[in-house]
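All values below come from the heavy atoms of this structure, side chains included, with hydrogens, waters and symmetry mates left out. What you see is a predicted model, and the numbers here were worked out from it, not measured in a lab. In each ligand, atom 1 is the first atom listed, and ligand 1 is the first ligand listed.
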Amino acid sequence: MTEIIPGIHWIKLPMLDDDAGLDFVNVYVILGDNGYLLVDSGWNTDASFAALKNGMAEIGADVEDITQILVTHVHPDHYGMAGRIKKLSGASLAMHHIEKEFIEPRYVSMDVLLNQIDQLLLSNGVPPKMIASLSQATVGLQQYVVVTYPDITLHDGEIITTGLFNFKVIWTPGHSSGHICLYEPERKIMLCGDHILPTITPNVSVHPQAIENPLGRYFDSLNELKHLDVELALPGHEKPFTDFGKRIDKILQHHEQRNGEIMKALGDKPATSFQIAQKVPWGLKNSWSSLPDFHKRMAILETLAHLEMMSAKGQVDRLPGDDIMLFRQASPPR
Ligand SMILES: [Zn+2]
Ligand SMILES: [Zn+2]
(Lines give C-alpha, C1' and ligand atoms only; values in the text may rest on other atoms or scores of the structure.)
(Ligands and ions follow the chains in the order given, each with its own letter.)
Protein backbone atom coordinates (compact mmCIF):
# COMPACT_ATOMS: atom_id res chain seq x y z
CA MET A 1 0.00 0.00 0.00
CA THR A 2 1.22 3.51 -0.79
CA GLU A 3 -0.53 6.64 0.39
CA ILE A 4 -0.38 8.84 -2.73
CA ILE A 5 -1.67 11.96 -1.01
CA PRO A 6 -3.42 12.03 2.37
CA GLY A 7 -6.61 9.99 1.95
CA ILE A 8 -5.81 8.37 -1.41
CA HIS A 9 -4.19 4.94 -1.19
CA TRP A 10 -2.74 2.79 -3.97
CA ILE A 11 -2.84 -1.00 -3.64
CA LYS A 12 -1.35 -3.34 -6.24
CA LEU A 13 -3.26 -6.58 -6.80
CA PRO A 14 -1.74 -9.54 -8.65
CA MET A 15 -2.74 -10.39 -12.21
CA LEU A 16 -3.31 -13.98 -13.37
CA ASP A 17 -0.11 -15.90 -14.16
CA ASP A 18 -0.55 -15.74 -17.91
CA ASP A 19 -1.08 -11.99 -18.20
CA ALA A 20 2.21 -11.46 -19.97
CA GLY A 21 3.56 -7.96 -19.61
CA LEU A 22 1.29 -6.74 -16.83
CA ASP A 23 2.43 -7.49 -13.31
CA PHE A 24 -0.45 -6.05 -11.38
CA VAL A 25 -3.68 -4.14 -11.50
CA ASN A 26 -3.98 -1.01 -9.38
CA VAL A 27 -6.90 -0.29 -7.12
CA TYR A 28 -7.32 2.97 -5.25
CA VAL A 29 -8.85 3.25 -1.79
CA ILE A 30 -10.16 6.73 -1.11
CA LEU A 31 -11.14 8.05 2.28
CA GLY A 32 -14.64 9.39 2.82
CA ASP A 33 -16.64 10.65 5.75
CA ASN A 34 -18.50 7.35 5.74
CA GLY A 35 -16.11 4.54 4.84
CA TYR A 36 -13.96 4.19 1.74
CA LEU A 37 -14.47 4.41 -1.99
CA LEU A 38 -12.69 1.60 -3.88
CA VAL A 39 -11.85 2.32 -7.52
CA ASP A 40 -11.52 -0.95 -9.49
CA SER A 41 -11.43 -4.34 -7.87
CA GLY A 42 -8.88 -6.77 -9.36
CA TRP A 43 -9.38 -10.38 -10.41
CA ASN A 44 -11.36 -12.61 -8.10
CA THR A 45 -8.55 -14.85 -6.88
CA ASP A 46 -7.49 -15.69 -3.34
CA ALA A 47 -4.13 -13.99 -3.92
CA SER A 48 -5.87 -10.85 -5.07
CA PHE A 49 -8.26 -10.84 -2.12
CA ALA A 50 -5.38 -11.37 0.34
CA ALA A 51 -3.46 -8.46 -1.22
CA LEU A 52 -6.49 -6.19 -0.88
CA LYS A 53 -7.06 -7.26 2.73
CA ASN A 54 -3.40 -6.62 3.59
CA GLY A 55 -3.50 -3.23 1.93
CA MET A 56 -6.64 -2.26 3.81
CA ALA A 57 -5.00 -3.39 7.08
CA GLU A 58 -2.04 -1.09 6.38
CA ILE A 59 -4.50 1.77 6.01
CA GLY A 60 -5.95 0.76 9.39
CA ALA A 61 -9.19 -0.54 7.91
CA ASP A 62 -10.76 -3.71 6.54
CA VAL A 63 -12.53 -4.77 3.37
CA GLU A 64 -15.82 -4.34 5.26
CA ASP A 65 -15.11 -0.61 5.55
CA ILE A 66 -15.54 -0.12 1.80
CA THR A 67 -18.90 1.59 1.29
CA GLN A 68 -18.65 2.45 -2.43
CA ILE A 69 -17.07 0.54 -5.32
CA LEU A 70 -16.59 2.11 -8.73
CA VAL A 71 -15.24 0.20 -11.72
CA THR A 72 -13.71 2.11 -14.62
CA HIS A 73 -14.84 -0.66 -17.01
CA VAL A 74 -15.95 -4.31 -16.76
CA HIS A 75 -12.80 -6.04 -18.00
CA PRO A 76 -12.18 -8.89 -15.56
CA ASP A 77 -9.01 -7.42 -14.02
CA HIS A 78 -10.98 -4.32 -12.96
CA TYR A 79 -14.39 -5.82 -12.24
CA GLY A 80 -13.71 -9.47 -11.29
CA MET A 81 -13.70 -9.15 -7.51
CA ALA A 82 -16.30 -6.37 -7.18
CA GLY A 83 -19.09 -8.85 -6.46
CA ARG A 84 -17.12 -10.52 -3.68
CA ILE A 85 -16.27 -7.21 -2.01
CA LYS A 86 -19.83 -5.99 -2.38
CA LYS A 87 -21.19 -9.11 -0.70
CA LEU A 88 -18.78 -8.79 2.22
CA SER A 89 -19.10 -5.08 2.82
CA GLY A 90 -22.56 -4.19 1.55
CA ALA A 91 -20.93 -1.47 -0.57
CA SER A 92 -22.78 0.03 -3.53
CA LEU A 93 -21.35 -0.59 -6.99
CA ALA A 94 -21.20 2.11 -9.67
CA MET A 95 -20.19 1.96 -13.34
CA HIS A 96 -21.03 3.67 -16.62
CA HIS A 97 -24.44 2.62 -17.97
CA ILE A 98 -22.90 1.19 -21.16
CA GLU A 99 -20.63 -1.18 -19.20
CA LYS A 100 -23.64 -2.55 -17.31
CA GLU A 101 -25.00 -3.92 -20.59
CA PHE A 102 -21.81 -5.94 -21.19
CA ILE A 103 -21.97 -7.99 -17.98
CA GLU A 104 -24.59 -10.48 -19.06
CA PRO A 105 -23.18 -11.30 -22.54
CA ARG A 106 -19.58 -11.37 -21.29
CA TYR A 107 -19.93 -13.36 -18.11
CA VAL A 108 -23.36 -15.01 -17.91
CA SER A 109 -24.63 -16.25 -21.27
CA MET A 110 -21.54 -16.11 -23.43
CA ASP A 111 -22.71 -18.11 -26.45
CA VAL A 112 -24.13 -15.15 -28.33
CA LEU A 113 -21.01 -13.03 -27.86
CA LEU A 114 -18.68 -15.92 -28.77
CA ASN A 115 -20.67 -16.49 -31.92
CA GLN A 116 -20.52 -12.77 -32.78
CA ILE A 117 -16.74 -12.83 -32.34
CA ASP A 118 -16.49 -15.85 -34.66
CA GLN A 119 -18.56 -14.02 -37.27
CA LEU A 120 -16.46 -10.88 -36.89
CA LEU A 121 -13.22 -12.84 -37.39
CA LEU A 122 -14.62 -14.76 -40.38
CA SER A 123 -15.87 -11.61 -42.05
CA ASN A 124 -12.41 -10.13 -41.66
CA GLY A 125 -10.73 -12.94 -43.53
CA VAL A 126 -9.67 -15.34 -40.79
CA PRO A 127 -9.67 -18.87 -42.29
CA PRO A 128 -12.49 -21.01 -40.81
CA LYS A 129 -10.03 -23.61 -39.54
CA MET A 130 -8.35 -20.99 -37.32
CA ILE A 131 -11.59 -19.71 -35.81
CA ALA A 132 -11.99 -22.24 -33.01
CA SER A 133 -8.56 -21.60 -31.49
CA LEU A 134 -8.79 -17.82 -31.84
CA SER A 135 -12.23 -17.54 -30.32
CA GLN A 136 -11.52 -19.91 -27.46
CA ALA A 137 -8.60 -17.69 -26.40
CA THR A 138 -10.48 -15.97 -23.60
CA VAL A 139 -12.83 -18.72 -22.49
CA GLY A 140 -12.14 -19.88 -18.96
CA LEU A 141 -11.57 -16.45 -17.47
CA GLN A 142 -15.13 -16.35 -16.10
CA GLN A 143 -14.09 -18.39 -13.10
CA TYR A 144 -12.15 -15.34 -11.86
CA VAL A 145 -15.18 -13.07 -12.02
CA VAL A 146 -18.02 -12.84 -9.50
CA VAL A 147 -20.96 -11.60 -11.52
CA THR A 148 -22.71 -8.65 -9.95
CA TYR A 149 -24.75 -5.75 -11.31
CA PRO A 150 -24.36 -2.06 -10.50
CA ASP A 151 -26.55 -0.27 -7.99
CA ILE A 152 -25.71 3.03 -9.64
CA THR A 153 -25.22 3.64 -13.36
CA LEU A 154 -23.22 6.69 -14.30
CA HIS A 155 -23.28 9.26 -17.09
CA ASP A 156 -20.66 11.68 -18.29
CA GLY A 157 -20.32 14.73 -16.07
CA GLU A 158 -21.82 13.25 -12.90
CA ILE A 159 -20.05 13.67 -9.57
CA ILE A 160 -18.94 10.84 -7.29
CA THR A 161 -18.26 12.06 -3.80
CA THR A 162 -16.82 10.51 -0.66
CA GLY A 163 -17.64 13.63 1.32
CA LEU A 164 -13.92 14.50 1.34
CA PHE A 165 -13.14 14.09 -2.35
CA ASN A 166 -15.34 14.96 -5.31
CA PHE A 167 -14.66 13.22 -8.61
CA LYS A 168 -16.12 14.19 -11.92
CA VAL A 169 -17.04 11.22 -14.11
CA ILE A 170 -15.58 11.57 -17.60
CA TRP A 171 -16.82 9.12 -20.24
CA THR A 172 -13.79 7.98 -22.24
CA PRO A 173 -14.87 5.38 -24.85
CA GLY A 174 -12.17 3.51 -26.78
CA HIS A 175 -10.52 0.76 -24.74
CA SER A 176 -14.03 -0.19 -23.65
CA SER A 177 -17.18 1.58 -24.83
CA GLY A 178 -18.33 2.64 -21.36
CA HIS A 179 -14.89 3.30 -19.87
CA ILE A 180 -14.76 6.21 -17.42
CA CYS A 181 -12.01 8.29 -15.84
CA LEU A 182 -12.41 10.21 -12.59
CA TYR A 183 -11.12 13.74 -12.27
CA GLU A 184 -10.54 15.56 -8.99
CA PRO A 185 -10.03 19.20 -10.07
CA GLU A 186 -9.05 20.58 -6.65
CA ARG A 187 -6.13 18.16 -6.22
CA LYS A 188 -5.60 17.94 -10.00
CA ILE A 189 -5.72 14.16 -9.92
CA MET A 190 -6.98 11.87 -12.69
CA LEU A 191 -7.85 8.24 -12.09
CA CYS A 192 -7.51 6.91 -15.60
CA GLY A 193 -8.24 3.15 -15.53
CA ASP A 194 -6.91 1.62 -18.76
CA HIS A 195 -7.54 4.74 -20.84
CA ILE A 196 -4.03 6.10 -20.35
CA LEU A 197 -1.13 4.00 -19.05
CA PRO A 198 2.35 5.42 -18.51
CA THR A 199 4.35 3.16 -20.88
CA ILE A 200 1.95 0.60 -22.39
CA THR A 201 -0.52 1.64 -25.09
CA PRO A 202 -3.94 0.31 -24.13
CA ASN A 203 -5.58 -2.06 -26.55
CA VAL A 204 -8.28 -0.42 -28.67
CA SER A 205 -10.04 -2.93 -30.92
CA VAL A 206 -13.18 -3.54 -32.84
CA HIS A 207 -15.33 -5.94 -30.83
CA PRO A 208 -19.01 -6.90 -31.02
CA GLN A 209 -19.47 -4.70 -27.93
CA ALA A 210 -17.40 -1.82 -29.29
CA ILE A 211 -18.78 1.56 -30.17
CA GLU A 212 -18.55 2.50 -33.88
CA ASN A 213 -15.05 3.62 -34.88
CA PRO A 214 -13.58 2.89 -31.42
CA LEU A 215 -10.13 4.23 -32.26
CA GLY A 216 -11.59 7.50 -33.55
CA ARG A 217 -13.59 7.80 -30.33
CA TYR A 218 -10.46 6.97 -28.33
CA PHE A 219 -8.61 9.83 -30.06
CA ASP A 220 -11.50 12.18 -29.26
CA SER A 221 -11.53 11.22 -25.60
CA LEU A 222 -7.74 11.58 -25.34
CA ASN A 223 -7.91 15.02 -26.91
CA GLU A 224 -10.67 16.01 -24.51
CA LEU A 225 -8.63 15.00 -21.44
CA LYS A 226 -5.50 16.71 -22.71
CA HIS A 227 -6.89 20.14 -21.87
CA LEU A 228 -7.53 19.35 -18.22
CA ASP A 229 -5.14 20.48 -15.53
CA VAL A 230 -3.69 17.19 -14.21
CA GLU A 231 -0.67 17.01 -11.92
CA LEU A 232 -0.92 13.35 -11.03
CA ALA A 233 -2.41 10.48 -13.03
CA LEU A 234 -3.38 7.24 -11.28
CA PRO A 235 -3.56 4.47 -13.91
CA GLY A 236 -5.07 0.97 -13.75
CA HIS A 237 -1.70 -0.68 -14.39
CA GLU A 238 1.96 0.26 -13.97
CA LYS A 239 2.77 3.29 -11.78
CA PRO A 240 1.29 6.72 -11.07
CA PHE A 241 2.81 9.35 -13.38
CA THR A 242 2.97 13.12 -13.74
CA ASP A 243 3.55 13.86 -17.45
CA PHE A 244 -0.11 13.45 -18.31
CA GLY A 245 -0.36 15.72 -21.37
CA LYS A 246 2.92 14.46 -22.84
CA ARG A 247 1.83 10.88 -22.37
CA ILE A 248 -1.39 11.58 -24.27
CA ASP A 249 0.62 13.07 -27.14
CA LYS A 250 2.83 9.98 -27.23
CA ILE A 251 -0.15 7.62 -27.37
CA LEU A 252 -1.68 9.69 -30.20
CA GLN A 253 1.65 9.60 -32.07
CA HIS A 254 1.92 5.85 -31.57
CA HIS A 255 -1.44 5.27 -33.20
CA GLU A 256 -0.70 7.69 -36.04
CA GLN A 257 2.49 5.74 -36.71
CA ARG A 258 0.54 2.49 -36.64
CA ASN A 259 -1.95 3.98 -39.11
CA GLY A 260 1.03 4.53 -41.42
CA GLU A 261 2.28 0.96 -40.94
CA ILE A 262 -1.17 -0.42 -41.68
CA MET A 263 -1.47 1.73 -44.80
CA LYS A 264 1.89 0.38 -45.94
CA ALA A 265 0.87 -3.22 -45.16
CA LEU A 266 -2.35 -2.67 -47.10
CA GLY A 267 -0.36 -1.71 -50.19
CA ASP A 268 -2.11 -1.15 -53.48
CA LYS A 269 -4.34 -4.24 -53.59
CA PRO A 270 -7.57 -4.81 -51.62
CA ALA A 271 -6.93 -6.86 -48.48
CA THR A 272 -8.63 -8.13 -45.34
CA SER A 273 -7.75 -7.17 -41.77
CA PHE A 274 -6.37 -10.66 -41.33
CA GLN A 275 -4.00 -10.29 -44.29
CA ILE A 276 -2.92 -6.82 -43.26
CA ALA A 277 -2.37 -7.70 -39.58
CA GLN A 278 0.21 -10.32 -40.56
CA LYS A 279 2.32 -7.72 -42.39
CA VAL A 280 2.34 -5.13 -39.61
CA PRO A 281 5.59 -5.27 -37.60
CA TRP A 282 3.83 -4.83 -34.18
CA GLY A 283 7.26 -4.17 -32.66
CA LEU A 284 7.83 -7.93 -32.62
CA LYS A 285 11.13 -9.75 -32.60
CA ASN A 286 9.49 -13.01 -33.58
CA SER A 287 7.28 -13.90 -36.50
CA TRP A 288 3.50 -13.62 -36.67
CA SER A 289 3.10 -17.40 -36.51
CA SER A 290 4.82 -17.55 -33.12
CA LEU A 291 2.27 -15.17 -31.56
CA PRO A 292 -0.14 -16.74 -29.07
CA ASP A 293 -3.72 -17.02 -30.39
CA PHE A 294 -5.01 -14.33 -28.07
CA HIS A 295 -2.46 -11.84 -29.40
CA LYS A 296 -3.22 -12.74 -33.00
CA ARG A 297 -6.86 -12.04 -32.37
CA MET A 298 -6.06 -8.72 -30.71
CA ALA A 299 -3.81 -7.76 -33.60
CA ILE A 300 -6.49 -8.55 -36.21
CA LEU A 301 -9.16 -6.57 -34.37
CA GLU A 302 -6.75 -3.72 -33.63
CA THR A 303 -5.92 -3.57 -37.34
CA LEU A 304 -9.63 -3.36 -38.03
CA ALA A 305 -9.96 -0.45 -35.57
CA HIS A 306 -7.23 1.42 -37.48
CA LEU A 307 -8.90 0.65 -40.80
CA GLU A 308 -12.26 1.90 -39.50
CA MET A 309 -10.64 5.10 -38.29
CA MET A 310 -8.87 5.70 -41.60
CA SER A 311 -12.06 4.86 -43.43
CA ALA A 312 -13.95 7.48 -41.37
CA LYS A 313 -11.25 9.97 -42.42
CA GLY A 314 -11.60 8.99 -46.08
CA GLN A 315 -8.09 7.52 -46.36
CA VAL A 316 -9.28 3.94 -46.84
CA ASP A 317 -12.31 2.56 -48.66
CA ARG A 318 -14.30 -0.45 -47.62
CA LEU A 319 -15.23 -2.43 -50.70
CA PRO A 320 -18.98 -2.95 -50.99
CA GLY A 321 -20.78 -6.26 -50.72
CA ASP A 322 -19.47 -9.74 -50.01
CA ASP A 323 -19.27 -11.67 -46.77
CA ILE A 324 -15.59 -10.90 -46.41
CA MET A 325 -14.63 -7.32 -45.70
CA LEU A 326 -11.96 -5.93 -48.00
CA PHE A 327 -10.21 -2.59 -47.66
CA ARG A 328 -8.20 -0.59 -50.15
CA GLN A 329 -6.37 2.71 -50.11
CA ALA A 330 -8.67 5.54 -51.10
CA SER A 331 -7.90 6.88 -54.53
CA PRO A 332 -6.39 10.37 -54.32
CA PRO A 333 -8.86 13.16 -55.19
CA ARG A 334 -8.63 14.24 -58.81
ZN1 LIG B 1 -9.18 -3.07 -19.71
ZN1 LIG C 1 -6.74 -3.57 -17.21
Side-chain angles (χ1 to χ4, degrees), residues 10-29 38-45 47-48 51-52 69-83 85 93-96 98-103 105-107 113 117 137-138 140-142 144-148 150 154 169-182 190-211 214-215 217-218 221-222 225 233-241 247-248 251 254-255 294-295 297-299 301-302 305:
W10 166 34
I11 302 177
K12 298 190 275 188
L13 303 184
M15 294 291 276
L16 296 182
D17 292 342
D18 46 9
D19 280 319
L22 290 173
D23 296 336
F24 45 83
V25 53
N26 299 326
V27 302
Y28 298 95
V29 178
L38 175 71
V39 178
D40 285 336
S41 77
W43 289 96
N44 179 42
T45 62
S48 180
L52 177 66
I69 307 164
L70 180 144
V71 295
T72 54
H73 61 304
V74 296
H75 287 171
D77 49 333
H78 299 259
Y79 160 77
M81 201 157 60
I85 300 163
L93 173 65
M95 65 181 65
H96 192 269
I98 292 177
E99 292 297 289
K100 179 191 173 188
E101 305 307 322
F102 298 159
I103 296 173
R106 254 178 193 266
Y107 301 119
L113 182 60
I117 293 174
T138 55
L141 299 180
Q142 287 76 12
Y144 306 112
V145 173
V146 177
V147 173
T148 187
L154 299 169
V169 172
I170 306 179
W171 179 39
T172 49
H175 173 72
S176 185
S177 301
H179 189 288
I180 51 175
C181 294
L182 294 177
M190 183 75 77
L191 279 88
C192 35
D194 283 352
H195 187 55
I196 303 164
L197 301 174
T199 72
I200 299 167
T201 29
N203 171 261
V204 177
S205 296
V206 172
H207 184 270
Q209 294 179 333
I211 207 160
L215 190 59
R217 299 299 293 268
Y218 182 64
S221 36
L222 284 177
L225 292 197
L234 306 180
H237 301 273
E238 307 190 277
K239 292 179 186 157
F241 58 102
R247 182 60 196 145
I248 290 178
I251 294 174
H254 163 88
H255 286 295
F294 181 59
H295 290 203
R297 183 174 116 179
M298 280 205 314
L301 297 179
E302 225 178 286

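Under the ring pair (Phe, Tyr, Trp, His ring centres under 6.0 Å) rule, H175 has a single partner from H73, H207, H195, which is H73.
Among protein atoms, those of element N, O or S found less than 2.8 Å away from the Zn ion (ligand 1) are H73 NE2, H75 ND1, H175 NE2, D194 OD2.
A donor-acceptor contact shorter than 3.5 Å links the side chain of S48 to the backbone of W43. With E99 contributing its side chain and V74 its backbone, the two residues share a donor-acceptor pair below 3.5 Å.
When ring centroids are compared, H237 and H78 come within the 6.0 Å threshold.
When every heavy atom of S176 is checked against every heavy atom of F102, the shortest pair comes out as OG-CE1, 4.2 Å.
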TODO: Test side chain to side chain contact (heavy atoms under 4.5 Å, CB included) on V29 and I11 and set out the steps.
DONE: CA-CA 8 Å; V29 178; I11 302 177; 3.7 Å; yes
